[in-house]
Amino acid sequence: MSLKLKNISYRYPREKKETLHKLDLEVDEGSIYGLLGGSGSGKTTALNLIAGFIDPQKGKISIKGRDVTFEKVHKRNIGVVFQEYALFPHMTVEANIGFGLRTRNLRSSEVKRKTSDIMELVGLSGYRRKYPSELSGGERQRVALSRALVYDPDLLLLDEPLSALDASLREDLRKELRSILKRTGTTALYVTHDQLEAIAVSDRIGYLKDGSIFEEGAPEDIYWRPERTDTAQFMGIANILDVHGSSNGKLRTAIGDIEWEGEAPSRIGFRPESLSTEKKGIRLSGRIGSEEYRGKEVQMD
């Protein structure tokens, strides 16, 4: 286990309610864990605690089996990629990436070798003499990622790393980011409020709600088969029906009987693309309150 949080609680001064409450979280070695949640759920607070920027009031934080709960930031061997990139504007790409290595008193030749290797890995070899102001948003994000990866951290923390980019660039960088992390075997905690980002990048997702992990699972399970109604709604499953009874392998709902295998639930949720009416002549009646054009589809409520 590369990262383990046990019974972590944190309350900000002058706040009556804890931002994090008995938070338990585990991240396997070499995996990408998506910490997903809405505004105010405690995502950034959890990241700040793991990084060592703040200390918990209760609980324990371990990295590779070592208790780092109250250890100083610089001793944790953690890389952090911020939403705002936090690059030094007066330094070149090469100098920005090698900054952390130079503070560790490595030989110049070793700094140059490691910096060159990571720049080649992320496709920045031709940018070494450029400054941040000369780069696009995607290029600056790759510099920030390279700076965090260059000294081989035990854990990489990513705080909404793609949120400042436009939609098309985010899609490209999602794939690139996951590929780089897998090629380097980096253990990563990916903090985001974006459902699509979480399922595209992560090996496992924890849905954070009210300061605790509300539900956890593989991306395909969280997306298609969430166990709890609040998770389903957060993941965009708008069609949620109460089950009024069951018989002969069918569930009785407000829109008719639905075939079902296994134990009958109290509620079911489904995405529009999962609904099919195989029998001819089946009709669903109702009233359309609103509709929204979304290009390849129209959302009707």
Side-chain angles (χ1 to χ4, degrees), residues 1 3-10 17-28 31-47 49-50 59 157-163 170-171 174 178 188-244 246 251-255 258-276 292 294 297 299-301:
M1 195 64 60
L3 171 67
K4 185 174 182 179
L5 275 62
K6 183 66 176 176
N7 203 34
I8 292 292
S9 294
Y10 185 84
K17 185 179 178 181
E18 289 180 327
T19 301
L20 295 176
H21 179 68
K22 296 183 178 180
L23 173 64
D24 292 332
L25 186 151
E26 295 184 354
V27 182
D28 292 333
S31 70
I32 306 170
Y33 188 100
L35 188 60
L36 176 66
S39 177
S41 60
K43 305 185 303 296
T44 299
T45 300
L47 183 143
L49 285 165
I50 297 166
L157 304 176
L158 301 111
D159 186 14
E160 305 268 8
L162 308 181
S163 61
R170 279 203 307 269
E171 184 175 348
R174 279 200 306 265
R178 179 173 171 82
L189 182 75
Y190 192 101
V191 173
T192 182
H193 69 279
D194 189 301
Q195 297 90 336
L196 182 57
E197 230 171 78
I199 63 176
V201 174
S202 309
D203 297 310
R204 192 164 181 81
I205 293 174
Y207 172 42
L208 189 66
K209 183 176 183 290
D210 297 329
S212 299
I213 297 297
F214 190 74
E215 187 170 343
E216 185 182 56
E220 57 270 24
D221 291 329
I222 293 292
Y223 184 82
W224 288 110
R225 297 176 293 276
E227 295 180 355
R228 308 178 75 171
T229 301
D230 283 1
T231 308
Q233 291 174 329
F234 187 81
M235 296 304 295
I237 299 179
N239 302 305
I240 298 176
L241 302 172
D242 290 324
V243 175
H244 302 300
S246 63
L251 304 178
R252 293 195 301 276
T253 73
I255 65 170
I258 297 176
E259 293 186 2
W260 188 266
E261 293 182 3
E263 185 178 350
S266 59
R267 282 181 170 180
I268 60 170
F270 59 90
R271 297 183 180 276
E273 60 268 32
S274 301
L275 181 64
S276 65
E292 180 182 42
R294 297 185 175 182
E297 62 187 32
Q299 166 106 15
M300 295 182 179
D301 297 316

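We use all heavy atoms of the structure for the numbers below, so side chains are in, but hydrogens, waters and symmetry mates are not.
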Got a second to check how far [X]'s [atom1] is from [Y]'s [atom2], nearest 0.5 Å?
X: L189; Y: K43; atom1: CG; atom2: NZ; value: 11.5 Å
X: E215; Y: I205; atom1: CD; atom2: CD1; value: 10.5 Å
X: R228; Y: I222; atom1: CZ; atom2: CD1; value: 11.0 Å
X: I32; Y: L158; atom1: CD1; atom2: CG; value: 8.5 Å

Between [X] and [Y] (side chain of the first, backbone of the second, donor and acceptor by atom type, cut-off under 3.5 Å), is there such a pair?
X: S9; Y: H21; value: no
X: D203; Y: S31; value: no
X: E160; Y: H193; value: yes
X: T253; Y: V243; value: no

Do [X] and [Y] touch side chain to side chain, with heavy atoms closer than 4.5 Å?
X: L49; Y: L20; result: yes
X: R170; Y: L196; result: no
X: Y10; Y: E18; result: no
X: I258; Y: I268; result: yes
X: T231; Y: F214; result: yes
X: I8; Y: K22; result: no
X: L251; Y: P265; result: yes
X: R271; Y: W224; result: yes

Practice task
Answer yes or no: does atom CZ of R225 have more than 12 heavy-atom neighbours from other residues, nucleotides or ligands under 6.0 Å?
Solution key: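 Count over threshold, so yes.
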Q233 atom CD: more than 12 heavy-atom contacts under 6.0 Å: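 For Q233, atom CD is crowded (more than 12 foreign heavy atoms under 6.0 Å).
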Margin query: Holding to salt bridge (charged side-chain N to carboxylate O under 4.0 Å, His left out), I want the full list of residues that pass it with R174, two or more places apart in sequence or in another chain.
Written below: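 R174 satisfies salt bridge (charged side-chain N to carboxylate O under 4.0 Å, His left out) with no other residue.
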_Trace of the side chain to side chain contact (heavy atoms under 4.5 Å, CB included) decision for K17 with D210_ = CA-CA 10 Å; K17 185 179 178 181; D210 297 329; 4.2 Å; yes
Exercise for the section: Establish, from distance only, whether the side-chain atoms of E216 and Y33 form a donor-acceptor pair under 3.5 Å. Expected result: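 Yes, side-chain donor-acceptor contact under 3.5 Å.
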Practice item. Scan for salt bridge (charged side-chain N to carboxylate O under 4.0 Å, His left out) pairs involving residues 230-241, sequence neighbours excluded, and state none if there are none. Key: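 Checked against salt bridge (charged side-chain N to carboxylate O under 4.0 Å, His left out) - neighbours excluded - the pairs reaching residues 230-241 are K209-D230.
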- request: Evaluate the side-chain hydrogen bond (donor to acceptor under 3.5 Å, both in side chains) criterion for residues E197 and Y190: first the C-alpha distance (whole Å), next the side-chain angles of each, then the deciding distance (0.1 Å), finally the verdict.
  value: CA-CA 9 Å; E197 230 171 78; Y190 192 101; 2.7 Å; yes
Could you report the tightest heavy-atom contact between [X] and [Y], atom names first, then the distance?
X: N7; Y: D24; value: N-OD1, 2.6 Å
X: A46; Y: L23; value: CB-CD2, 4.2 Å
X: I237; Y: G269; value: CG2-C, 3.8 Å
X: A198; Y: T192; value: CB-CG2, 3.9 Å
X: L5; Y: L3; value: CD1-CD1, 3.6 Å
X: I199; Y: P219; value: O-CB, 3.8 Å

Margin query: Between R252 and D242, does the salt bridge (Lys or Arg N to Asp or Glu O under 4.0 Å) criterion hold? Intermediate values first, please.
Written below: CA-CA 9 Å; R252 293 195 301 276; D242 290 324; over 6 Å; no
Residues in side-chain hydrogen bond (donor to acceptor under 3.5 Å, both in side chains) contact with E26, at least two apart in sequence or another chain: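 If we apply the side-chain hydrogen bond (donor to acceptor under 3.5 Å, both in side chains) test to E26, skipping adjacent residues, there are no hits.
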Under-4.0 Å salt bridge between D28 and K4: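 So D28 does not pair with K4 through a salt bridge.
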